[in-house]
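Have a look at the structure below, then the notes.
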Amino acid sequence: MYINDSLNKIIQESLRHNWNKPALSDYKGVTLYYRDVARRIAKIHILFEAMGIGKGDKLAICSKNQANWAVVFLAALTYGAVPVPILHEFKPSNIEHIVNHSESKALFAGSTVLESLTLSHMPNLGTVMCINDFSLVQTKEKEVYLKMEHLNELFGKAYPKSFTPESVVYAAEESRDTLAMINYTSGTSGFSKGVMIPYRALWSNVLFAYEVLPQIDDTSNVVSILPSAHMYGMMFEFLFEITVGAHVHFLTRVPSPSIIVKAFEEIKPKIIISVPLVIEKIYKSRLQPFLSTPGVRFLLRVPIADKKIKTQINDTLTNSFGGQFEEVIIGGAAFNREADAFFNSIGFRYTVGYGMTECAPIIAYADWKEKKVGSCGKAAPRMQIKIDSQYPQSLAGEILVKGDNTMLGYYRNEIATREAFTEDGWMHTGDLGIMDKDGFLFIKGRSKNMILGPSGQNIYPEEIESIIDNMPYVVESLVIDEGGKMIALIYPDLEACARDGIGTTQQIEAKMKENIDLVNAELPNFSKISGVKVMPEEFEKTPKRSIKRYIYQK
């Protein structure tokens, strides 16, 4: 990787240096070489000028993972605009809210997303384009129509001799604290916060990956399975790889475990970025049945035999991930302790990291050869971690962080920004943990209650609960993750039920299921409620009358 203080200059040099190498592929589809990416960026820059987009202007991007998503994101960064990635699985009203709240001047969206949106609900948008084929949907600028019709001609005039590696010239960002992008933590208007991520945070995360993963280079393949609109996937399955000349393969379909494993076997990625749920599903479906047989359980207790079986299991598991990876990095949520201990015992090449959107995202990490079971690593380079506890090695306290990776604050939300930092500059994570004498961090609880969706989406149970609590015959509710499924625990209004002739347990359960059907109609697929449990009594509360979640979350 070309080392420079400017992220845009790093991207510039990677496009130049890797000109004739494959850069971005849609799995089973088109492949763009680095020269193709550079050419598309140049043409999009011409259109940005016609759209009236200047440095610092916001530009929303909303589609499933695909090569063109990455092209638009890079085009925005290198132009000096501020990309606003939005999960395409958000409900239309939530997407419209984020576009409006972010004050985006343009929207690049997938065809499926565009079909669901009401463009009149986003009156400040100047231009809307379909990201699948870069077709123009609408614009308020006449010049955009003209330049779209003559784009190839204008491109030729801009580069009259030819478009060569030397033609790629991007201006360095004005300062380390210049706003690079805004990433929304949620799609619901009452809860969404736009995390303002500066260039220094993106640069620091890219450099971190280069420092800890020197094996990833211009010969490496990577499979992108996490949402590109999510910081974890965007940073470590796409942006870092582009800076070192690697080849990114986007899974453009729903990333089920079977599809993921098939893609791994074909592409043989050099690094695998995953969320715990994917790894745990493979562990439960492929390994647990085998490990639970009496014969295997017996052999695992025999000193010599257990080594052979564990080696065999490790080889099988390694091959199912393509066999060429340096390590599997698991992040986004707590890893199942049983799976963690077993994977460690067989020598599987994995590690567990810790991060959050507000740190773009990395906070802690340790190489798989150095990790400790149950830990999520040590403070990443250019980051500091401290535990707000009198006895940080034994008594859990809030995890506070400081360093280059931290955000500027929340967009158009000064109150939340002030609350996010201490007076001396430490950022609140809302998570609880301890840190051992060697500096390894152990998460003990997530006070923010965020649940990780099946493909890395952030699910905030409070949002869903607020909808459920407003349904008929509901006193209060709690949404929990039970084996990868969202379950609603509901304490019903028994008096109201009895008054309206809903007297039996079966009738109450039926009414609650009707409520959940209505709630699910408002939720994206990844956060829909799969089951309902009617609680016989009120939830246990803290002195502040908050539900003691830890009692009910298994």
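Remember, it's a predicted structure, so these values are computed and weren't measured experimentally. Heavy-atom basis, side chains included; hydrogens, waters and symmetry copies ignored.
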> Val195 and Glu358: which non-hydrogen atoms are nearest, and at how many Å?
Replying inline: CG1-CA, 3.8 Å
>> I'd like to know whether Glu514 forms a salt bridge (Lys or Arg N to Asp or Glu O under 4.0 Å) with Lys511, so could you lay out the CA-CA distance, the side-chain angles of the two residues, the decisive distance to 0.1 Å, and finally the verdict.
In response: CA-CA 5 Å; Glu514 287 178 18; Lys511 180 56 66 176; 3.2 Å; yes
>> Walk me through whether Ile480 and Arg549 qualify under side chain to side chain contact (heavy atoms under 4.5 Å, CB included).
In response: CA-CA 9 Å; Ile480 64 171; Arg549 288 179 175 270; 5.9 Å; no
> What residue pairs, at least two apart or across chains, pass side chain to side chain donor-acceptor pair (under 3.5 Å) with a residue in residues 69-79?
Replying inline: His45-Thr78
> Within a reach of under 6.0 Å around OH of Tyr210, are more than 12 heavy atoms found that belong to other residues, nucleotides or ligands?
Replying inline: no
>> So Leu59 and Lys105, do their side chains get closer than 4.5 Å, heavy atoms only?
In response: no
> Between the side chains of Thr112 and His88, does any donor sit under 3.5 Å from an acceptor?
Replying inline: no
> Is it the case that Thr164 and Ser162 place a side-chain donor and acceptor less than 3.5 Å from each other?
Replying inline: no
>> Checking side-chain polar atoms at under 3.5 Å, does Tyr411 have a donor or acceptor matched by the opposite partner on Glu103?
In response: yes
>> Please determine whether the number of non-hydrogen atoms from other residues, nucleotides or ligands lying under 6.0 Å from atom CD of Glu266 exceeds 12.
In response: yes
>> Are more than 12 heavy atoms, taken from residues, nucleotides or ligands other than Lys513, located less than 6.0 Å from that residue's NZ atom?
In response: no
>> Does Glu174 form a side-chain hydrogen bond (donor to acceptor under 3.5 Å, both in side chains) with Tyr199? I'd like the steps, not just the answer.
In response: CA-CA 9 Å; Glu174 292 180 2; Tyr199 271 95; over 6 Å; no
> Should we count CD of Glu49 as having more than 12 external heavy atoms under 6.0 Å?
Replying inline: no
> Should the pair Glu166-Lys161 be classified as a salt bridge under the 4.0 Å nitrogen-to-oxygen rule?
Replying inline: no
> Does NZ belonging to Lys485 count more than 12 external heavy atoms closer than 6.0 Å?
Replying inline: no
> Using the benzene-type ring in the case of Trp, are the ring centres of Phe90 and His97 under 6.0 Å apart?
Replying inline: no
>> Regarding Lys270 and Asp217, does a basic nitrogen lie under 4.0 Å from an acidic carboxylate oxygen?
In response: no
> So His249 and His247, would you call those rings parallel, tilted or perpendicular, with 30° and 60° as cut-offs?
Replying inline: tilted
> Hey, are the side chains of Phe250 and Ser224 touching, using non-hydrogen atoms and a 4.5 Å cut-off?
Replying inline: yes
> Taking all atoms of both residues into account, what is the closest heavy-atom pair of Leu114 and Ala109, and its distance?
Replying inline: CD1-O, 3.6 Å
> For Ala23 and Val37, which heavy atoms make the closest approach, and how far apart are they?
Replying inline: CB-CG2, 4.0 Å
> Any side-chain heavy-atom pair from Leu207 and Met1 closer than 4.5 angstrom?
Replying inline: yes
> Between Arg16 and Glu13, is there a salt bridge with N-O shorter than 4.0 Å?
Replying inline: yes
> Where do Ser63 and Gly110 come nearest, in terms of heavy atoms and distance?
Replying inline: CB-N, 3.5 Å
>> Please determine whether side chain to side chain contact (heavy atoms under 4.5 Å, CB included) holds for the pair Trp203 and Asp404, giving the CA-CA distance in whole Å, both sets of side-chain angles, and the decisive distance to 0.1 Å.
In response: CA-CA 9 Å; Trp203 172 86; Asp404 283 357; 4.2 Å; yes
> What is the distance from atom CG of Leu489 to atom OG of Ser477, rounded to the nearest 0.5 Å?
Replying inline: 8.5 Å
>> Do Asn4 and Ser6 pair up side chain to side chain, a donor and an acceptor below 3.5 Å, judged on atom types alone?
In response: no
> When the ring planes of Tyr184 and His101 are compared, do they come out parallel, tilted or perpendicular, using 30° and 60° as the limits?
Replying inline: perpendicular
> Ile529 pairs by side chain to side chain contact (heavy atoms under 4.5 Å, CB included) with which of Val479, Asn515, Ile467?
Replying inline: Val479
>> The test is side chain to side chain contact (heavy atoms under 4.5 Å, CB included); show your working for Met486 and Ile464 and say whether it passes.
In response: CA-CA 10 Å; Met486 304 292 288; Ile464 305 173; 4.1 Å; yes
> Is any side-chain heavy atom of Glu241 less than 4.5 Å from a side-chain heavy atom of Ser220?
Replying inline: no
>> Exactly one of Leu251, Val275, Asn65 should register a side chain to side chain contact (heavy atoms under 4.5 Å, CB included) with Ile225. Which one does?
In response: Leu251
>> Set out, in order, the CA-CA distance, both residues' side-chain angles and the distance that settles side chain to side chain contact (heavy atoms under 4.5 Å, CB included) for Leu77 and Asn8, then state yes or no.
In response: CA-CA 7 Å; Leu77 270 189; Asn8 283 335; 4.0 Å; yes
>> Hydrogens and angles aside, do Ser204 and Asn405 bring a side-chain donor and acceptor to less than 3.5 Å of each other?
In response: yes
